[in-house]
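Below you'll find the structure, written out as structure tokens, and then a few comments.
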Amino acid sequence: MLKVNSQKSKVIVILGPTASGKSSLAVKLAEKIHGEIVNADSRQVYKKMDIGTGKTDSLGSKIPHHLLDIVFPDKPFSLAQYQRLAFRAIDDILRRNKIPILVGGTGLYIRAVVDNLDIPKVKPNITLRQKLEKQTAAKLFSQLKKLDPKTAEIIDYHNKRRLLRALEVVLIKHTSFAELQKTKKPRYDILQIGLKTDRAILRQRIEKRFIQMIKNGLLEETKKLLKKYPANLPSMSGIGYLEIGQYLAGEISLQEAVNRAVSRTYQYAKRQTTWFKKDERIKWISKTSQAGKYILNFLKK
RNA sequence: GCCUGGGUAGCUCAGUGGUAGAGCGCAAGACUGAAAAUCUUGGCGUCGGCAGUCCGAUUCUGCCCCCAGGCA
């Protein structure tokens, strides 16, 4: 075991696209440095969704994992909620003199923790959203322009989801959405390690992994979930569940479901890569063995 | 062998007498209470082959090749 200069507030982040090997690196690391893992994956928070989200491995681990299985699939979950829970879990681990290792692929969730995002304190208002949802993006945009010209200038005006949120904030809080979006002082001293994987290899791994999920019982898991939860829930439209659901409904063949899920995962991996690319603080490694030197330095300083 | 429908972007297909488009895929990007979501940008491809008509053919005509269905 390493000698750890027990300073406060050190957090290690392991990030990267799906199927890049984050979890196994994190567990190895946790064993070595007396760490505990905090999940930063937006899908692994759901209960009963184990195989399809790739949570299965983590569940059997001896290393404590936090923020897995914290909400039922039909309950809404959000960034702000995640941030609160993550801070709580991290603080708890630190209090016990262990090292928190944040692991996941949801870039926005990681950023919320790392940069201590100040998320506008306006809860999602479902009724309002449903009402606004019916209008065209153009209409929503012109409305936003009137109410909050500052945000209108920088917003993605084709993107209804963004428009909805921006309008929600102005309508409820009467303050500009853009102005409310800030970052606060970082809470922790953070080292971010990114796992880099060649895209062609990643694609192969994704395919292999998905087939393995099916062998592990993804069809059964999906069937069980569909008995209890509607297919249109955000949780149920996750990669794998959606496609297997379509297969179970007789809409597509199993082969087609596999193809679609694999290619959707691959596209997702691309988006993750794009997101992380911008963060210059990330130390990229291509082999897990390369993490050691960064970790040592970080814990020593 | 005959009849019919069809051969156009990696795939599925739309379309036009003045050398072409969509969806998907693929590539790149955005992202502050739905983020495995949502959104933006990117299309010269012997328009199956050869010949003919025409100022001009992917579009019309003829022949040939290939595919699907029907009749023998």
Side-chain angles (χ1 to χ4, degrees), chain A residues 15-20 39-46 49 51-55 71 73-86 104-126 128-130 132-133 137-138 140-141 151 154-169 172-173 175-184 199-200 203 206 209-210 213 232-245 252 256 259-279:
Chain A
L15 54 82
T18 11
S20 58
N39 164 248
D41 182 309
S42 69
R43 297 295 153 154
Q44 294 192 0
V45 298
Y46 293 112
M49 306 184 95
I51 300 169
T53 59
K55 198 196 326 171
V71 59
D74 56 345
K75 291 281 177 286
F77 190 73
S78 70
L79 175 66
Q81 244 171 303
Y82 174 79
Q83 190 190 41
R84 265 197 302 275
L85 293 170
T106 304
L108 180 57
Y109 282 15
I110 292 170
R111 185 180 292 168
V113 171
V114 170
D115 291 332
N116 196 2
L117 293 185
D118 193 1
I119 301 155
K121 285 168 195 59
V122 176
K123 282 189 197 156
N125 184 320
I126 308 296
L128 178 66
R129 286 188 185 189
Q130 279 170 351
L132 294 173
E133 181 79 44
L140 295 172
F141 180 62
T151 303
I154 54 167
I155 204 161
D156 182 354
Y157 55 87
H158 283 116
N159 194 331
K160 265 184 153 181
R161 214 162 265 198
R162 297 272 141 65
L163 290 163
L164 248 52
R165 173 60 182 162
L167 279 168
E168 182 175 67
V169 171
I172 291 168
K173 224 174 182 183
T175 318
S176 166
F177 179 52
E179 268 171 44
L180 287 173
Q181 293 181 152
K182 284 175 191 142
T183 60
K184 293 189 273 195
R199 294 237 276 148
R203 179 151 208 150
I206 287 168
R209 197 180 58 159
F210 192 70
M213 284 177 182
N232 62 358
L233 286 172
S235 58
M236 290 303 288
S237 51
I239 298 174
Y241 295 107
L242 175 80
E243 292 78 9
I244 294 299
I252 56 176
E256 178 62 16
N259 292 158
R260 286 189 196 184
V262 167
S263 105
R264 187 143 83 106
T265 308
Y266 178 73
Q267 292 165 340
Y268 170 53
K270 160 62 184 157
R271 268 179 273 134
Q272 290 176 301
T273 310
T274 303
W275 176 282
F276 292 129
K277 212 185 271 177
K278 273 186 309 197
D279 192 338

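Chain naming here is simple, since letters A, B, ... match the order of the sequence lines and numbering starts at 1 in each. Model, not experiment: these values are computed from the prediction.
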### Distance test, side-chain N/O of A:Tyr82 to OP1/OP2 of B:G33, below 4.0 Å
no

### N/O (side chain, A:Gln83) to phosphate O (OP1/OP2, B:U32) under 4.0 Å
no

### Message
My understanding is that a pair needs two contacts under 3.5 Å, Watson-Crick or G-U wobble. By that rule, which nucleotide pairs with B:U16?
### Response
none

### Query
Which part of the nucleic acid does A:Thr265 contact within heavy-atom distance under 4.0 Å: base, sugar-phosphate only, or nothing?
nothing

### Task
Would you please classify the geometry between the A:Tyr82 ring and the A:Phe77 ring as parallel, tilted or perpendicular, with 30° and 60° separating the classes?
perpendicular

#### Entry: Minimum-distance nucleotide to A:Gln267 side chain [options: B:C26, B:C31, B:G33]
B:C26

### Task
Describe the nucleic acid contact of A:Gly52 in one word from base, sugar-phosphate, nothing, applying a heavy-atom distance below 4.0 Å.
base

### Query
What distance, rounded to whole Å, do you find between the two P atoms, one in B:C11 and one in B:G48?
14 Å

### Query
How do A:Arg264 and A:Ala80 order along RNA chain B: which one's closest nucleotide is nearer the 5' end?
A:Ala80

### Task
Select from A:Thr183 and A:Tyr266 the residue whose nearest nucleotide in RNA chain B is closer to the 5' end of that strand.
A:Tyr266

### Task
For A:Glu168 and B:U32, give me the distance from atom CD to atom P, rounded to whole Å.
13 Å

### Message
I'd like the C1' distance from B:G15 over to B:U59, given in whole Å.
### Response
9 Å

### Query
Taking CG from A:Asn259 and C1' from B:G10, how many angstroms apart are they, rounded to a whole number?
14 Å

### Task
Figure out the CZ/P separation between A:Arg199 and B:G25, and round it to whole Å.
14 Å

### Task
Indicate whether OP1 or OP2 belonging to B:U38 is found under 4.0 Å from a side-chain N or O atom of A:Arg129.
no

### Query
To the nearest angstrom, how far is A:Glu256 atom CD from B:C11 atom C1'?
11 Å

### Query
If you look at every strand shown and take non-hydrogen atoms under 4.0 Å, does A:Leu164 touch a base, only sugar-phosphate, or nothing?
base

### Task
Quote, to the nearest angstrom, the C1' distance that separates B:A9 from B:G45.
5 Å

### Message
Which nucleotide, if any, forms a Watson-Crick or G-U wobble pair with B:U59, using both distances under 3.5 Å?
### Response
none

### Message
Can you tell me if A:Thr274 touches the phosphate of B:G29, counting only side-chain N or O atoms and a distance under 4.0 Å to OP1 or OP2?
### Response
yes

### Query
Taking the same atom, P, in B:U32 and in B:C13, what whole-Å distance lies between them?
40 Å

### Message
Less than 4.0 angstrom between a side-chain N/O of A:Arg203 and OP1 or OP2 of B:C26, yes or no?
### Response
yes

### Message
When both hydrogen-bonding distances must be under 3.5 Å and the geometry is Watson-Crick or G-U wobble, what is B:U53 paired with, if anything?
### Response
none

### Query
How is A:Lys160 classified with respect to the nucleic acid when contacts are heavy atoms under 4.0 Å: base, sugar-phosphate, or nothing?
nothing

### Task
For A:Arg165, check salt bridge (charged side-chain N to carboxylate O under 4.0 Å, His left out) against everything at least two apart and list the hits.
A:Glu168

### Message
I'd like the C1' distance from B:G17 over to B:C47, given in whole Å.
### Response
14 Å

### Query
Base, sugar-phosphate, or nothing for A:Glu133, non-hydrogen atoms under 4.0 angstrom?
base

#### Entry: Between P of B:G33 and CG of A:Leu108, the distance in whole Å
7 Å

### Query
Under 4.0 angstrom, heavy atoms only, what part of the nucleic acid is A:Leu79 near: base, sugar-phosphate, or nothing?
sugar-phosphate

### Query
Are any of A:Arg165's side-chain N or O atoms less than 4.0 Å away from OP1 or OP2 of B:A35?
no

#### Entry: Atom P, compared across B:U58 and B:G52: separation rounded to whole Å
13 Å

#### Entry: side-chain N/O A:Lys270 vs B:G29 OP1/OP2, d < 4.0 Å
yes

### Message
Working to the nearest 0.5 angstrom, can you tell me the gap between A:Asp41 CG and A:Thr106 OG1?
### Response
4.5 Å

## Note on the structure
Checking B:G33, B:C31, B:A27 against the side chain of A:Lys123 (C-beta onward), the nearest is B:G33

### Query
Between A:Arg271 and B:C31, does any side-chain N or O lie under 4.0 Å from OP1 or OP2?
no

## Note on the structure
From CD1 of A:Ile154 across to C1' of B:C31 the rounded distance in Å is 11 Å

### Query
Taking atom P in both B:C71 and B:G42, what distance in whole Å separates the two?
50 Å

### Message
Under 4.0 Å from OP1 or OP2 of B:C31: is there any side-chain N or O of A:Lys278 that close?
### Response
yes

### Query
Separation of A:Asp279 atom CG from B:A30 atom P, in whole Å?
12 Å

### Touch class at under 4.0 angstrom, heavy-atom based, for A:Lys277 against every strand present
sugar-phosphate

### Query
When we call it a touch if two heavy atoms are under 4.0 Å apart, what does A:Phe77 touch: a base, just sugar-phosphate, or nothing?
sugar-phosphate

### Query
Contact class for A:Pro120 (heavy atom, under 4.0 Å): base, sugar-phosphate, or nothing?
base

### Message
Does A:Tyr241 reach a base, just sugar-phosphate, or nothing at all? Heavy atoms under 4.0 Å.
### Response
nothing

### Query
Base, sugar-phosphate alone, or nothing: which one does A:Arg260 contact when heavy atoms must sit under 4.0 Å apart?
nothing

### Atom pair distance, as rounded to whole Å: CD1 in A:Ile110 and P in B:U32
16 Å

### Separation between the P atoms of B:C60 and B:G6, rounded to whole Å
11 Å

### Query
Considering residues at least two apart in sequence or located in another chain, which fulfil the salt bridge (charged side-chain N to carboxylate O under 4.0 Å, His left out) criterion with A:Lys55?
A:Asp50, A:Asp69

### Message
Side chains of A:Lys270 and A:Thr274: any donor to acceptor distance under 3.5 Å?
### Response
yes

### Message
Looking at B:G69, which nucleotide sits across from it as a Watson-Crick or G-U wobble partner, both distances under 3.5 angstrom, or is there none?
### Response
B:C3

#### Entry: Counter-base of B:U40, judged by Watson-Crick or G-U geometry with both distances under 3.5 Å
B:A28

### Task
Under a 3.5 Å limit for both distances, which nucleotide forms a Watson-Crick or G-U wobble pair with B:G33, could you say?
none

### Task
Just call it for A:Asp118: base, sugar-phosphate, or nothing, with non-hydrogen atoms closer than 4.0 Å on any strand.
base

